[in-house]
Number of protein chains: 2
Amino acid sequence: MTPPAPSRRHAIADDLRNQISKGHLKAGERLPSEAQLAARYAVSTPTLRNALALLQAEGLVEKLHGSGNFVRHPLHRTTYVGGGHTPSALAPAERALHTSIRATNLRAHGHLTALLGVSPRSPLMEFFCISREGKTPHSLARIYVPRDLVPADGPEGLLTARLLDLCPPLGVVQETVSSRLPTPDEATTLRISPNLAILSITRVATDTTGRVVEAALLALPGDRADAVFTTHHAAEARRAER
Amino acid sequence: MTPPAPSRRHAIADDLRNQISKGHLKAGERLPSEAQLAARYAVSTPTLRNALALLQAEGLVEKLHGSGNFVRHPLHRTTYVGGGHTPSALAPAERALHTSIRATNLRAHGHLTALLGVSPRSPLMEFFCISREGKTPHSLARIYVPRDLVPADGPEGLLTARLLDLCPPLGVVQETVSSRLPTPDEATTLRISPNLAILSITRVATDTTGRVVEAALLALPGDRADAVFTTHHAAEARRAER
DNA sequence: GAGTGGTCTAGACCACGAG
DNA sequence: TCGTGGTCTAGACCACTCA
């Protein structure tokens, strides 16, 4: 189907890919050093590095500066479930994801004002969430909520984020998905290379009055995340009948 | 916010980015040759090419082999509207998109059988759609429909695709979004570099009986496409009351 | 054929991580 | 400190586009 790529880096990448899929190189294992691999394939180091860059973009190999290149564990894909009211970037509970949340008070600025439809410097609360499987991060979320929607009583623990499920009757949730390169910060916190594209989701939730109750900026590593959106058309058909 | 990137290629990319945004380099214009730019910035050609690769990944620059590097027209972003029943990768009609459709008869094979929930070699019709704005493609779609749902009367013109709006009462539409590198074919038909990630959307639509009436594989260039999904929670709330 | 980008080489030097 | 990957150089050769 795909014509065999003539370039050397593709040939090398194909060979390593095969070795990985056939189990000659196991998950978590360290590859030989780039110098050794370059010698084995009789290419220069930049060429070999290009080959590894391909595998890295596919999520098969993880590069750790100073340590080596490692075979990534067999692609545990995270699934983001769209359609609203998920406190963090809620992945299906199937897999044990440790989610750490950090809450910060701040004031609206920049495009946050436009997203939330509030005036500049109006008080917000930011929830900075990272979910990990083991040591490797699987999602990064920055969730902004007008401060008056956050109950002042409890400590801003895990529960405060969860209240979004209950508090106001949700109206419309709009999620915009795009694919882009991570910012340097995102790349480091997600522990991915700056060349690996991410799924970037902007979620804006409004209550029934049209007020924005939540704006979330989600970043999911492109090599280990999908987003699923399900639409029930039967509901709309029924509604149309009325 | 973002610490100034120390590497030369980032510095060069930043400079070119500024020149583009300030209008010193206009859309559609050709950049000086890579050799000239390398000389101007006093770097080697590979380094300069790395800088251009960054701009290319951002969609600001388009490389045409043998012709030169060009400033891309100001990012006409296409928006894919999720939530079902759109015949092709229907972008909002705001912009004049020429969509060409080619219909082919084939039989289910490979993962198509799983997607559509049909037995192998059962007859399908494939719609191969490309939408362009001017000369540059904006989306690529392969839509598969069980052949018995396609009316045999009319020629498989534009209308055949549109009938999906009407014919069966739709049940559930599920759309899975991921970010990945294009296959070589996709890269060439979309006229993007193999390094630019695409938004890949798999859409499966079922009718009210649960039968799959359409499976679509969509590929949208990551630098000029978004996908938007809107969920109306009021409807669900009302439904829950009953 | 002249000029362009695409690939590759064979080194050099720096930055990071672990012992 | 030592081995690792990260960046860069200066030039070679090939492939493509256009006149």
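The chains referred to below are lettered A, B, ... by the order of the sequence lines, with proteins before strands, and numbering in each begins at 1.
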Measure the shortest side-chain to side-chain distance between [X] and [Y] over non-hydrogen atoms and say whether it is less than 4.5 angstrom.
{"X": "B:Glu34", "Y": "B:Leu37", "result": "no"}
{"X": "A:Leu196", "Y": "A:Gln56", "result": "no"}
{"X": "B:Arg49", "Y": "B:Lys63", "result": "yes"}

Send over the distance from [X] [atom1] to [N] [atom2], rounded to a whole Å.
{"X": "A:Leu54", "N": "C:dG6", "atom1": "CG", "atom2": "C1'", "answer": "14 Å"}
{"X": "B:Arg30", "N": "D:dC18", "atom1": "CZ", "atom2": "C1'", "answer": "12 Å"}
{"X": "B:Glu34", "N": "D:dA10", "atom1": "CD", "atom2": "C1'", "answer": "16 Å"}

Quiz item: With respect to the side chain of A:Ser67, which nucleotide from C:dG17, D:dA10, C:dG6 is positioned closest?
Solution: C:dG17
Exercise. Identify which nucleotide among C:dT9, D:dG5, C:dT4 has an atom closest to any side-chain atom of A:Ser44, counting heavy atoms from C-beta outward.
Key: C:dT9
Quiz item: Salt bridge or not for A:Glu214 and A:Arg203, using N-O below 4.0 Å?
Solution: yes
[N], OP1 or OP2 - any side-chain N/O from [X] closer than 4.0 Å?
{"X": "B:Arg8", "N": "D:dT7", "answer": "no"}
{"X": "B:Thr45", "N": "D:dA10", "answer": "no"}
{"X": "A:Asn69", "N": "D:dT4", "answer": "no"}

Quiz item: Heavy atoms under 4.0 Å, any strand shown: does B:Arg9 hit a base, just sugar-phosphate, or nothing?
Solution: sugar-phosphate
Quiz item: Counting any heavy atom closer than 4.0 Å, what does A:Asn50 reach on the DNA or RNA strands: base, sugar-phosphate only, or nothing?
Solution: nothing
Quiz item: More 5' along DNA chain D: A:Leu52 or A:Pro46, using each one's nearest nucleotide?
Solution: A:Leu52
